[in-house]
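A short write-up of the structure that comes next.
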Amino acid sequence: MIPPSFIQELLSRIDVVEVVGRHVQLKKAGINHKGLCPFHGEKTPSFTVSPTRQTYHCFGCGVHGNALGFLMEYSGMGFLDAVRDLAQQAGLTVPEDDRSPQERERAAELKERQATLSDVLAKASESYRKQLKSSPRAIDYLKGRGLSGEIAAAFGLGYAPDGWRALASVFPRYDDPLLEESGLVISQGENDEERKRYDRFRDRIMFPIRSVQGDVIGFGGRVLDKGEPKYLNSPETPVFVKGRELYGLHEARAGLRKRGYALVVEGYMDVVALAQHGFDNAVATLGTACTAEHVQKLFRFTESVVFSFDGDAAGRRAAGRALEASLPHASDTRTVRFLFLPTEHDPDSYVRELGAEAFEACVAQAVPLSRQLVEAARDGGDLSTAEGRAKFLANAKPLWSALPDGALKLQLLAELAQQGGIGAADLTQLWQASAPSRHGGGSASNRHEPPSDDSYGPPDDGEPAAPRERFQRRDGGVGGGGRKWTKDWKGKRGAPDRYEESGPFPPQSKVRTVPTSPADTVLRLLLLHSDWWDQLGTDDHQLLHELPAPHGSLIAWLERHLLEHGATPWAVLEQALHGSEWADDSRRLVPPGVLQDEMQFADLRRVVDGMWVELLSARQEILIRQAATDPSALTRWRELDAERRLRLQGMKPPALT
């Protein structure tokens, strides 16, 4: 946990004008500073930074906060990362976590290594940009693709010369291991005497890939002629993981806020061409299928995502993968849509040939996630036959189950039942009956027992077993009264475990009501013990932010409150929530007159780990379906399985003594 006093000291040592000024051009205006708001498009400055109050405020879109809040909002950082970043600037040591000295040392070494690699890549990027200016052939190519110098500069486009060792003139030592580690140079040979080194990128238009914070973390290179491969990407490095990064996200942040949605395309040139025609909200995956991490990252910046694909078979397959990645995040307050262009076009060619208005019309007609799910389940089947309808429902079940609970999921159940030719109640009963129960009776939708360590494990031959079909809730899983593992809490040593109907924790004499879901439990514990928020990890924070309303929005409110005021008792939080849109929910979670409970942070940790287990298991189910056509899915499945087992270990209650 980071003490509130440290946050106050940190903010007292940081100048908000300096922090904001690194990203926004500010001009003195009386006692304040003004500039164009980085969070929405504007031509007249309405963004004000106050050095006396150490805050910023935009009179156009209403955003406001302190230096820490700005760093989180602008750079997409989590709270802990933003604190660490500001602390480093202020020369302070964060009195943070329970990591061992060895773990903190390793983390510091990794951060230093990443910073070093980013410096190397930034230097190469600057060299490529200079080379572009002196290459008429490369300039003519970009002009032929309809790109202006302004757009090329905005995206930092460059040119890698047609030479084997062009970077040798950029770096003092061409044999520096950092050049190879960053992916700029390829090395062949077993020993130094026989080893040959040469540039990875040669005679290519260079697209620097930037992190959300703006650091260069990799490159994509496109051939100017008809060579192969057409696109060449940097290999994965300590600073670049393809499954996590999106090309153009750094440049698109203002566009996302202005247009209100993210447009996900498949190529670098699509992103740049769309920006040239006014679509400054486009991003692209980096030669990989869209992942859940991509979707999760986008939803940190916008509530609406539009995927654009070619209309051919490959585009349909890519849409299927994007659908699966989006389902766990498709809450009632978010929208996901799918745009299919004519088979002869990609976004680049479409917008250049037919114009921005025509492309805008295509976006307006994009298919909503609900319809795409139904089409994916139909999969060309014949719904006029009983066999076709049965297959349709079998295909739909795992897709529907991956959705978070809410109105969308309920409506889709009714629509699937109608198209499947049975009643909604019959479909619910059918799907519940097909979910096995290890304890007899009850469906998966109202069970909440800690999963056994082998529930989803692979058989002895190492191949993943078929997962249990079950209803999965994004908030961790129970609808009404859940079940729990518990001990004989009367204090008898060696008393056997028993499984009983109740909430997820032992009864507490001072607690008058017990929440009915893990999400309720987490919110209640955090409201009663707000200092526990900082003891959770950054990934935990993101997981809780992703909860469906009202839990996710209440978590966001709580984090903002802690950021501004530090950890406070429930009585203070209760007053702050009074009259807000979360007042009723907070009273349900912590009824009036409730006393501080006797729970420990370990209890909160176990519930959060349980939510992770549910999420990881859902992702494993998707990977198992992909394994038949994608061998890499099996590797990812095993990685998730190892993480899930670690979470399961953390869920085990302490032994009674």
Side-chain angles (χ1 to χ4, degrees), residues 289-296 298-299 305 307 317-338 367-379 392-417 420 427-428 430-432 434-435 443-445 447 451 455-456 464 466-479 517-519 542-543 546-548 551-552 610-628 630 633 636-637 640-641 643-644:
C290 181
T291 67
E293 290 181 88
H294 286 144
V295 178
Q296 188 178 40
L298 285 172
F299 277 135
V305 175
F307 291 100
R317 288 194 297 271
R321 292 190 289 268
L323 172 67
E324 292 178 346
S326 302
L327 288 172
H329 306 288
S331 65
D332 292 344
T333 59
R334 294 169 173 168
T335 62
V336 179
R337 294 180 291 156
F338 297 82
V367 177
L369 177 140
S370 56
R371 196 188 311 165
Q372 185 64 24
L373 185 151
V374 172
E375 289 299 319
R378 182 178 287 120
D379 193 25
F392 165 74
L393 292 176
N395 291 340
K397 181 183 176 184
L399 299 175
W400 180 86
S401 298
L403 285 167
D405 279 357
L408 175 62
K409 191 171 187 177
L410 286 175
Q411 292 178 82
L412 264 173
L413 180 69
E415 183 174 346
L416 293 170
L427 181 58
T428 301
L430 173 67
W431 282 353
Q432 287 180 346
S434 65
S443 68
S445 62
R447 274 200 321 271
S455 296
Y456 300 88
R468 292 185 302 179
E469 291 290 351
R470 69 196 191 290
F471 291 97
Q472 111 104 29
R473 284 181 60 146
R474 183 65 180 85
D475 64 2
V478 292
S517 77
Q542 186 62 38
L543 173 72
E546 294 294 323
L547 290 172
H551 300 92
M611 297 167 72
W612 274 113
V613 167
E614 288 291 321
L615 177 60
L616 293 170
S617 297
R619 290 177 178 174
Q620 284 183 282
E621 291 180 4
I622 295 174
L623 288 170
I624 285 176
R625 294 195 297 274
Q626 295 174 348
D630 182 6
R636 180 62 178 151
W637 185 95
L640 293 184
D641 193 58
E643 182 179 351
R644 183 184 60 81

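We use all heavy atoms of the structure for the numbers below, so side chains are in, but hydrogens, waters and symmetry mates are not.
- Heavy-atom minimum distance, L416 versus L393: O-CD2, 3.5 Å.
- The salt bridge (Lys or Arg N to Asp or Glu O under 4.0 Å) check on R636 picks up E639, with sequence neighbours excluded.
- The two residues H294 and C290 come nearest to each other via the heavy atoms ND1-CA, 3.7 Å.
- F392 CZ to N395 CG: the interatomic distance, rounded to the nearest 0.5 Å, is 8.5 Å.
- Considering only heavy atoms from C-beta on, P548 stays 4.5 Å or farther from D332 through its side chain.
- Residues V336 and F299 share a closest heavy-atom pair of CG2-CZ, 3.8 Å.
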Without placing hydrogens or testing angles, list every side-chain donor-acceptor pair under 3.5 Å for residues 368-378, not counting sequence neighbours.
unit_1, atom_1, unit_2, atom_2, d
E375, OE1, R378, NH1, 3.4
E375, OE2, R378, NH1, 2.6
R378, NH2, Q419, OE1, 2.5

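- Taking CD from Q542 and CG from L547, the interatomic distance works out to 10.5 Å, rounded to the nearest 0.5 Å.
- When the side chain to side chain contact (heavy atoms under 4.5 Å, CB included) test is applied to Q411, the partners found at least two apart in sequence or on another chain are A407.
- Note on R619 versus E293: no salt bridge recorded, every NZ/NE/NH1/NH2 to OD/OE distance being 4.0 Å or above.
- For the pair K409 and S401, the tightest heavy-atom approach, listed with the atom from each and the gap, is NZ-O, 3.6 Å.
- Smallest separation of non-hydrogen atoms from A319 and F338: O-CE2, 3.7 Å.
- For the side chain to side chain donor-acceptor pair (under 3.5 Å) test, no residue two or more places apart in sequence or in another chain qualifies with S326.
- Distance alone, capped at 3.5 Å, is enough to place a donor-acceptor pair between the R334 side chain and the H329 backbone.
- Every residue meeting the side chain to side chain contact (heavy atoms under 4.5 Å, CB included) condition with A289, not counting sequence neighbours, appears here in chain and number order: R321.
- Qualifying side chain to side chain donor-acceptor pair (under 3.5 Å) partners for R337, counting only residues two or more places apart in sequence or in other chains: none.
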